[in-house]
*Asks:* 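Sharing a structure here in structure tokens format.
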Protein chains: 2
Amino acid sequence: MRSTDRPSDAGTDPLDGASATRARIRDAAVLRFARDGFTVGLRQIAEDAGVTAPLIVHYFGSKDGLRAACDTHVLAMIREAKGKALVPNDTNALLMSLASVEESAPLVGYALRSLQAGGRLARDFVDQFAADAEVYIAEAVAAGEMRPSRDEKARARYLTVQGLGALLLDVTLNPPAEPTDLLAMIDGYMQRMALPTVEIFTDGLLTNRRMLDAYLLYVGDPPPGGDGSETPQS
Amino acid sequence: MRSTDRPSDAGTDPLDGASATRARIRDAAVLRFARDGFTVGLRQIAEDAGVTAPLIVHYFGSKDGLRAACDTHVLAMIREAKGKALVPNDTNALLMSLASVEESAPLVGYALRSLQAGGRLARDFVDQFAADAEVYIAEAVAAGEMRPSRDEKARARYLTVQGLGALLLDVTLNPPAEPTDLLAMIDGYMQRMALPTVEIFTDGLLTNRRMLDAYLLYVGDPPPGGDGSETPQS
DNA sequence: CGCCCCGTTGAACGCGCGTTTAGTCTTTGA
DNA sequence: TCAAAGACTAAACGCGCGTTCAACGGGGCG
């Protein structure tokens, strides 16, 4: 049934002859994984791509191979898109500007699924964002816009994990029906969180330095790393 | 094989005769779900509980019924344990003091799995924590320890979602091998995050009020709720 | 022409899943 | 004492999964 219509009907594809099918399968998989999670069956992905399940195995070896290919592709695409994005101050703002490109919205959905599931891509993804945040924060500190921290690396990671984790949790609690709604979801999330974020970032939360002083007294100089064995109150 | 040894060998169980089996299955399920996630098979849970899979269906109707029973039980247990916990200031500190009870550590693991998967329990869980945070924050504000917010409800939810989401993401990225390690995991997480948290809570992040003023100028008074249609920068 | 190559398919395999069925024990109570 | 009730199990069913197998068809090439 599907074997007669050639992939040439997808007119925008540059490569028509050889293994554009491979890319078509990969793209369909990214979309499906983003939409339904990683438990979706190969047959469903195959149907989306207009092929059959064994062909996916033929190209990618196994379902895990397909996942790995998707991971690599998504990470590369996001890495590339991040270079293009102007003023990627905030993690969430970046994700949103990324999701609003409409073409790369599935990438964001896939990345969120990946964060939800864990694994290598998730770790790379967070590490990459934390590293980016670190240089951005360093610039802001140098420009006198942000206060310096006693442990810049830890603060960059803190802000990244907090931002990504909160977004992930919010998306998990209010899952969008369609990946198209993901943009609206992230947008609504940012609207709800904007005021508390800016408030705390501007004035802080506490009225005195007791907690900070107690913590600084409790541990030594922070940058050296894991020295204290017990846990202070946060 | 298992049919000969009675459940009486689990000497600590108060109810020995009737349907202590039901509770035993439920507890085994909570532990297994916490350990391996919700994709684990009924047969595995049955083996842990020393019964067979059909008996689980006999007692709980279906696997979803078992999940619902676990959800209800875990939510009730955590609710109860929260009442006992003294000074439950921080969400994470509360979770940690809860996890350190050793007996209720699986409950925390199950709750985290549930947050990861979404669903009703996850929503109730977050809502409950946000509500608790709101009253605690109100007390701190009244005591002059915390600054007031222009939208207390939003800030309470913000802090809750940030805290839980960050913890969830961290656990997902560095999954503990055993639920026993969960305590060490949360402990390590808090150590890594403690300094940035206290720093930002004390002094804030920004050096000037430009962002806050721009936001306040952009929207009207916040408490009324969804009025602005576009998204300001966060 | 005849050959091979290779993209692609339909059919099937084995597995583990949740669930159903039928039945065997053990307890209980009229 | 005998039957009803309930706890519990072994076996099996149907399903969907990822994967394997054998084969078909058409294009390039000797």
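Within every chain, numbering begins at 1; the chains are lettered A, B, ... in the order of the sequence lines, protein sequences first and strands thereafter. These values consider heavy atoms only, across backbone and side chains, with no hydrogens, waters or symmetry-generated copies.
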*Asks:* Can you tell me if A:Glu152 uses its side chain to pair, donor with acceptor, with the backbone of A:Ser149 under 3.5 Å?
*Replies:* yes
*Asks:* Atom CG of A:Leu55 and atom C1' of D:dT19: how far apart are they, to the nearest Å?
*Replies:* 14 Å
*Asks:* Once you round it to whole Å, what is the distance between P of D:dT19 and CD1 of A:Ile56?
*Replies:* 10 Å
*Asks:* Side chain of B:Thr21: nearest nucleotide among C:dT9, D:dT9, D:dC8?
*Replies:* D:dC8
*Asks:* May I ask you to test the B:Thr160-B:Glu134 pair for a side-chain heavy-atom distance under 4.5 Å?
*Replies:* no
*Asks:* Roughly, in whole Å, what's the span from CZ in A:Phe38 to C1' in D:dC17?
*Replies:* 18 Å
*Asks:* Output every pair passing ring-ring contact (aromatic ring centres under 6.0 Å, His included) with a member in residues 21-51 of chain B, not counting sequence neighbours, ordered by first then second residue.
*Replies:* B:Phe33-B:Phe38, B:Phe38-B:Tyr110
*Asks:* Using whole Å, report how far CD1 of A:Ile45 lies from C1' of D:dC17.
*Replies:* 12 Å
*Asks:* Just wondering, do A:Gln191 and A:Asp187 contact through their side chains at under 4.5 Å, heavy atoms?
*Replies:* yes
*Asks:* What contact category does A:His58 fall into here, base, sugar-phosphate, or nothing, at under 4.0 angstrom with non-hydrogen atoms?
*Replies:* base
*Asks:* Report the distance from atom CD of B:Glu47 to atom C1' of C:dC17, rounded to the nearest whole Å.
*Replies:* 16 Å
*Asks:* Measure CZ/B:Phe60 against P/D:dA7 and give the value in whole Å, please.
*Replies:* 12 Å
*Asks:* Is A:Tyr59 close enough to C:dG7 that one of its side-chain N or O atoms is under 4.0 Å from OP1 or OP2 there?
*Replies:* no
*Asks:* Using a cut-off of strictly less than 4.0 Å, decide whether A:Thr52 has a side-chain nitrogen or oxygen near OP1 or OP2 of C:dT9.
*Replies:* yes
*Asks:* Please report, rounded to the nearest Å, how far the P atom of C:dG18 is from the CD atom of B:Gln44.
*Replies:* 11 Å
*Asks:* Using modelled atom types and a 3.5 Å cut-off, is there a donor and acceptor pairing between side-chain atoms of A:Arg155 and backbone atoms of B:Pro196?
*Replies:* no
*Asks:* Could you check if a side-chain atom of A:Phe60 sits within less than 4.5 angstrom of a side-chain atom of A:Arg26, using non-hydrogen atoms only?
*Replies:* yes
*Asks:* Would you say the side chain of B:Leu159 lies within less than 4.5 Å of the side chain of A:Ile200, judging by non-hydrogen atoms?
*Replies:* yes
*Asks:* Testing B:Arg157, B:Lys153, B:Arg120 one by one against B:Asp127 for a salt bridge (charged side-chain N to carboxylate O under 4.0 Å, His left out), which residue passes?
*Replies:* B:Arg157
*Asks:* For A:Gln44 and A:Asp48, does a side-chain donor sit closer than 3.5 Å to a side-chain acceptor?
*Replies:* yes
*Asks:* Base contacts versus sugar-phosphate-only contacts with protein, heavy atoms under 4.0 Å: please encode nucleotides 24-29 of chain D as B, S and - from 5' to 3'.
*Replies:* ------
*Asks:* Distances under 3.5 Å between protein N/O atoms and the N/O atoms of nucleotides 19-22 of chain C, please, pair by pair.
*Replies:*
residue	atom	partner	partner atom	Å
C:dT19	OP2	B:Lys63	N	2.7

